[in-house]
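Down below is the structure, laid out as structure tokens.
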Amino acid sequence: MKRTTTLVSVLALAAWTAGPTLAGPDDHQLVINDEIQIITEAAAPAHMDGIDTIYSGWRFRADETQALELDDFENPGMIGVENAMAIWETVDGSEGKSCASCHESAESSMKGVRAVYPKWNEAAGEVRTLEMQINDCRTTRMGAEKWKWSGGDMVDMTALISSVSRGMPVNVAIDGPAQSTWEKGKEIYYTRFGQLELSCANCHEDNYGNMIRADHLSQGQINGFPSYRLKTAKLGSVHNRFKGCVRDTRAETFADGSPEFVALELYVASRGNGLSVEGPSVRN
Amino acid sequence: MKRTLMTVATLVFGAGMAGADAVAPADVVFADGSVAMSLTGVAGDPENGRKVMTTRGLGNCIACHEVTALSDFPFHGEVGPSLDGVASRWEEAELRGIVANAKIMFDGTMMPAFYKTSGYIRPGKGFTGKAATEEELEPLLGAQDIEDVVAYLMTLKDE
């Protein structure tokens with residue numbers, strides 16, 4: 001109760017100070033559970049030309065939406081985390097193993113993992129997202145079935161893995177063997193797809209902070225994924241969100257887990273290097 | 001009598017133009033981004049233009065542009081310039097060109113081309129996310145809708 005009261009008054013004060021203006025991000029501060037400091041604003045990484053300061057999408061959301069992320073008891077995405085904690089301990093597949101059999105406590109063994117993914121996997125010779133790594137564990141080590149990329153258990157598991165890195169800075173590597181994938185992702189980011197001929201950059205680099213009809217455009221950062229969307233009332237993967245955006249340009253989308261979206265995920269993640277891991281976040 | 005006959009002929013001809021005989025998207029003649037000739041030969045209807053501009057499934061112009069005269073409709077965007085007084089800044093032919101395909105006048109503009117059917121990257125079947133099945137897409141707006149939007153824009157003069 002005390003916590004809730006304090007947070008509400010902080011938000012109210014911030015809203016009053018910021019005034020009614022909608023242009024750009026607001027100046028609110030994100031501290032989860034009164035203890036996890038989330039960096040929602042940082043100097044843009046050196047590789048970015050068009051933007052000086054990067055912001056978490058949280059800074060573009062309405063006060064009521066922001067408030068849901070301040071406390072894990074209010075954050076509907078944390079239900080997914082709880083579900084994944086149960087799965088973590090549950091044996092599945094022919095090898096008689098659970099995640100915990102090898103990785104013990106997710107809280108300690110997975111700390112820092114979300115921050116550096118997608119990441120080059122030397123043995124596989126490819127850039128891998130968390131989903132790819134989880135499915136590799138399931139099929140190779142556990143002898144279990146793959147999960148669907150944007151299926152419930154998979155998204156919940158990525159929420160658990162993200163949650164234990166909250167507050168740590170995103171820091172994906174874009175050089176060395178990951179560079180060609182990163183370049184491909186960058187090319188996709190600036191390509192104007194579909195009948196509306198829109199690139200990611202048109203909205204999220206050139207127009208963040210502006211309204212497009214009723215939507216307040218953010219920078220399209222993915223440090224908060226997986227993200228609980230109030231509109232769909234569920235946790236969603238990064239690729240699921242990419243699909244929605246590409247579809248809305250009246251284009252043929254790419255598939256979950258496609259090489260194009262893996263590359264785009266690496267590139268977009270790298271635009272958030274310096275922001276805190278924030279998932280599971282809450283958005284509208 | 002002669003005048004009446006001509007009027008009738010124009011009306012009949014004009015009505016035909018609004019359908020199959022409208023200038024096809026690929027045949028529109030641009031000069032410095034302007035389109036001097038009506039796409040249909042039928043005078044634009046500003047009332048319908050207003051509807052096209054404010055309806056999400058049609059032009060949805062206010063998604064990106066603010067128009068004070070349309071403030072009955074909620075949520076105007078800030079992506080493009082305000083259209084207040086637009087008819088005092090632009091000629092009708094220029095507005096027709098901008099609505100039909102703004103990219104010809106403004107290289108690299110974010111504004112979609114509303115009267116164009118090909119030349120897209122991974123064109124989709126509407127908003128389904130699936131690939132388009134035909135070579136030539138339906139333009140985002142029909143020829144007469146564009147004439148109607150231009151007619152509405154021409155009412156937006158500075159006081």
Side-chain angles (χ1 to χ4, degrees), chain A residues 20-25 50 60 62 150 184 187-220 236 239-256 258-261 264 284, chain B residues 25 53-67 70-71 73-82 100-104 106-142:
Chain A
T21 178
L22 261 174
F60 296 86
S150 291
K184 183 177 163 191
E187 192 190 322
I188 292 170
Y189 190 88
Y190 287 100
T191 298
R192 299 184 63 168
F193 290 107
Q195 193 175 10
L196 298 183
E197 297 176 276
L198 295 173
S199 68
C200 307
N202 281 134
C203 285
H204 299 294
E205 180 167 291
D206 300 338
N207 278 291
Y208 70 86
N210 285 333
M211 300 298 291
I212 190 160
R213 201 78 204 241
D215 291 329
H216 194 199
L217 289 169
S218 74
Q219 289 184 347
H239 289 200
N240 185 60
R241 190 69 196 85
F242 285 167
K243 274 202 292 196
C245 263
V246 179
R247 179 199 64 213
D248 287 349
T249 70
R250 297 176 77 105
E252 177 191 4
T253 62
F254 299 98
D256 278 347
S258 59
E260 290 86 358
F261 274 172
L264 184 61
N284 51 323
Chain B
M53 291 197 54
T54 52
T55 305
R56 281 184 167 82
L58 295 171
N60 200 17
C61 308
I62 61 171
C64 289
H65 299 279
E66 190 174 6
V67 187
L70 297 176
S71 51
F73 300 88
F75 306 122
H76 294 210
E78 304 167 321
V79 169
S82 164
N101 187 350
K103 293 169 209 300
I104 294 177
F106 306 116
D107 189 32
T109 181
M110 180 173 165
M111 183 167 162
F114 285 90
Y115 203 58
K116 183 177 137 174
T117 57
S118 61
Y120 301 113
I121 301 170
R122 290 179 75 84
K125 198 177 179 62
F127 287 113
T128 64
K130 295 184 168 41
T133 44
E134 60 285 294
E135 281 288 295
E136 302 267 317
L137 304 185
E138 283 289 305
L140 292 170
L141 288 179

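Numbers restart at 1 for each chain; the letters A, B, ... are given by sequence-line order, proteins then strands.
- The shortest heavy-atom contact between B:F75 and A:A214 is CG-CB, 3.5 Å.
- Note on B:N60, B:V79, B:L137: by heavy-atom pairs under 4.5 Å with chain A, the leading option is B:V79.
- Of the listed residues (A:I212, A:T191, A:L198), the one with the most heavy-atom contacts under 4.5 Å to chain B is A:I212.
- Remark: B:E135 CD is loosely packed, at most 12 non-hydrogen atoms of other residues, nucleotides or ligands lying under 6.0 Å away.
- Rounding to the nearest 0.5 angstrom, the gap separating the SG atom in B:C64 from the CE atom in A:M211 is 11.5 Å.
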Apply side-chain contact (heavy atoms from CB on, under 4.5 Å) to the pair B:R122 and A:V246, showing each step before the final yes or no. CA-CA 10 Å; B:R122 290 179 75 84; A:V246 179; 5.8 Å; no

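- The nearest pair of heavy atoms linking A:N210 to B:E78 is CA-OE1, 3.2 Å.
- Heavy atoms of A:N202 lying under 4.5 Å from chain B belong to its backbone as well as its side chain.
- Between A:E197 and B:K116, at least one side-chain N (NZ, or NE/NH1/NH2) sits under 4.0 Å from a carboxylate O, which counts as a salt bridge.
- Within 6.0 Å of atom CD in A:E187, 12 or fewer heavy atoms from other residues, nucleotides or ligands are found, so the atom counts as exposed in its surroundings.
- Heavy-atom distances place no part of B:T117 under 4.5 Å from chain A, backbone and side chain included.
- A side-chain donor-acceptor contact under 3.5 Å links A:R213 to the backbone of B:P74.
- Around the CZ atom of B:F106, the shell of radius 6.0 Å holds more than 12 heavy atoms that belong to other residues, nucleotides or ligands.
- Put simply, of B:P139, B:G129, B:P112, the one with the most heavy-atom pairs under 4.5 Å next to chain A is B:G129.
- The choice from A:L217, A:D206, A:D215, A:T253 that makes the most heavy-atom pairs within less than 4.5 Å of chain B is A:T253.
- Although no hydrogens or angles enter the test, the distance criterion places no donor-acceptor pair under 3.5 Å between the side chain of A:R192 and the main chain of B:I121.
- If you take CZ on B:F127 and CG on A:L196, they are separated by 5.5 Å, rounding to the nearest 0.5 Å.
- Top candidate by heavy-atom pairs under 4.5 Å with chain A, chosen from B:K125, B:K103, B:H76, is B:K103.
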